There are 2 protein chains.
Amino acid sequence: MKDGPDIARIANLIGDPARANMLTALMSGKALTATELANEAGVTQQTASSHLRKLGEGQLICARKQGRHRYFALADERIARSLEALMDLAQNTGHIRTRTGPKDARLREARVCYNHLAGQMATRLYDHMIGRDYLKLSVGGLALTEAGESFARSLGIDVGELSGKRGLLCRECLDWSERRSHLAGSLGRAILTQIIDRGWAERDTNSRAILFSARGRAQFERWIAA
Amino acid sequence: MKDGPDIARIANLIGDPARANMLTALMSGKALTATELANEAGVTQQTASSHLRKLGEGQLICARKQGRHRYFALADERIARSLEALMDLAQNTGHIRTRTGPKDARLREARVCYNHLAGQMATRLYDHMIGRDYLKLSVGGLALTEAGESFARSLGIDVGELSGKRGLLCRECLDWSERRSHLAGSLGRAILTQIIDRGWAERDTNSRAILFSARGRAQFERWIAA
DNA sequence: GCCATGCTTCGATATGGATCGAAGTATGAA
DNA sequence: TTCATACTTCGATCCATATCGAAGCATGGC
């Protein structure tokens, strides 16, 4: 009586704590080596290797060999979005988080979601872009308006160039901490790149947090307000 | 190094085949008894009972006792949307479906997603509503415009009444078969109700398929074209 | 009261799979 | 060549849990 795709297979893949930790670590967007992932998951290399094989067979991650390392990354942006959606579910059906450390607060404000910005600042940016009609919902997805294009240009992003590349330009992604949408797609990625390149913020080395400097935050606000 | 919510716990819940089948069955939106769910999952009542307890503890389903039956339903519309998202993932990372029987085709065309319409006809309706500016993406969600309100009224839906109720009026939901959005929320529910009540279509007794009559399909088209 | 039905709890089983130690295969460095 | 590092494969262990039989509670019909 199974209607539709085999949901159990994929959920089971994500359902193991070690694998879930690996996937969560890969949400940072960085490609990680097998050993790094083993550490993230808190298991030995042997078991990590086994898990990675399964994740690969399940098409959730893809591997690239480089020298004597094997780098792993999420297979697809879609995977990242599904994981964020799952986090939303877990967040709100799970036990109340006992301690929300300072690290959590930072994650809530700004973090990496695969390759784009997530968290409070990301949803504010998204709302702003919707409010000013920079983004419009069109048939089958999100579209960037002319005004939005020049908004992006004001950050030094050439939208024309982006559109040429593979993958959608704009896409929604559910934000687990805000339970709202934020911007994904190649534009989302380009924005995060700019934010880092311009030195407004930097990525925390051992979490998904994006750390804005006071100055960077001000510049972000000015960009938005313009 | 676990950033964010405990994703493994929830994925593990969904990851068991028996439980996944139960959840899939509940996607029909109907509340089902423990015995019915046991049959859907292909397990005995005892094991079903155990699974149902776990799903309940995990806040994925909720139970209502009625006489000597216990009816189970998905706890939340959010659960349904997450399940559809998972189906999308499973659909496209999974092995290619070997046989896509006639039943699959029917599901692809029109089916129930918890309480609203999904499938080809649903995404067409959604695209249409976006294209005519009946729906607009606003801050933090989907909004119905004035024109959209009268569009709904033309099907006999009183939007004012709906808005009073709990839960969002309009919401997007990812369609696994179409990989596009369709309309969820109380308006989505009301539309499906009208489609059934007007006799345009009826629900298949033992699947999630929505079976349109030739006449019903024509009326649906006429409504959209109007 | 009695029995049937729907469902849960308990106990026993067994099986899948996560885990790691040890050994094996690549790749790079010296 | 020799050694070290990165990773995989193999084999054994061990634990969680899915499963069902049997018994235990409710509820409703008679």
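As the structure is a computational prediction, the values presented were derived from the model and not from experiment. Letters A, B, ... are given to chains in the order of the sequence lines, protein chains preceding strands, and every chain is numbered from 1.
- Below the 3.5 angstrom threshold, one finds a donor paired with an acceptor across the side chain of Q46(B) and the base of dG21(D).
- Counting non-hydrogen atoms of other residues, nucleotides and ligands closer than 6.0 Å to CZ of R189(A) gives a total of 12 or fewer.
- Rounded to an integer number of Å, the gap from H69(A) NE2 to dT27(C) P is 13 Å.
- In this entry the distance linking CD of Q45(B) with C1' of dT9(C) reads 13 Å, nearest Å.
- Separating the CD atom of E57(B) from the C1' atom of dT9(C) is a distance of 14 Å, rounded to the nearest angstrom.
- Listed nucleotides dA18(D), dT8(C), dC20(C) differ in distance to K54(B); the shortest reach to its side chain belongs to dA18(D).
- In this model, the phosphate group of dC20(C) is approached by a side-chain N or O of T47(A) to a distance below 4.0 Å at OP1 or OP2.
- Between dT8(D), dC20(D), dT8(C), one nucleotide has an atom nearer to the side chain of F72(A) than all others, and that is dT8(D).
- The interatomic distance linking I14(B) (CD1) with dT17(D) (C1') rounds to 18 Å, in whole Å.
- Put simply, CZ on R9(B) is 17 Å from C1' on dT17(D), counting in whole angstrom units.
- M27(A) pairs with exactly one of L74(A), N115(A), I79(A) by the side-chain contact (heavy atoms from CB on, under 4.5 Å) rule, that one being L74(A).
- Using bins of under 30°, 30° to 60° and over 60° for the plane-to-plane angle, the ring pair F212(A)/F220(A) lands in the perpendicular bin.
- Atom CG in L55(A) sits about 10 Å away from atom P in dA18(C), given to the nearest Å.
- For D16(B) and dG16(C), the CG to P distance is 13 Å, given to the nearest whole Å.
- Taking side-chain N and O atoms only, R70(B) has no distance below 4.0 Å to OP1 or OP2 of dT27(D).
- Note on K65(A): every side-chain N or O is 4.0 Å or more away from OP1 and OP2 of dA6(D).
- Of the two residues near DNA chain C, Q66(A) and A18(A), the one whose nearest nucleotide lies more 5' is A18(A).
- At least one side-chain nitrogen or oxygen of T44(A) sits closer than 4.0 Å to the OP1 or OP2 atom of dC20(C).
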Report the C-alpha distance between E84(B) and R208(B) in whole Å, list the side-chain angles of each, state the deciding distance to 0.1 Å, and finish with yes or no for salt bridge (Lys or Arg N to Asp or Glu O under 4.0 Å). CA-CA 13 Å; E84(B) 278 266 327; R208(B) 292 165 58 203; 3.1 Å; yes
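- Checking dT8(D), dT19(C), dT27(C) against every side-chain atom of R68(A), the shortest atom distance belongs to dT27(C).
- Atom-to-atom, CZ of R53(B) to C1' of dT17(D) comes out at 12 Å; the value is rounded to the nearest Å.
- Between H51(A) and dT19(C) there is a side-chain polar atom (N or O) within less than 4.0 angstrom of OP1 or OP2.
- Under a 3.5 Å cut-off, the side chain of T123(A) and the backbone N or O of Q120(A) do form a donor-acceptor pair.
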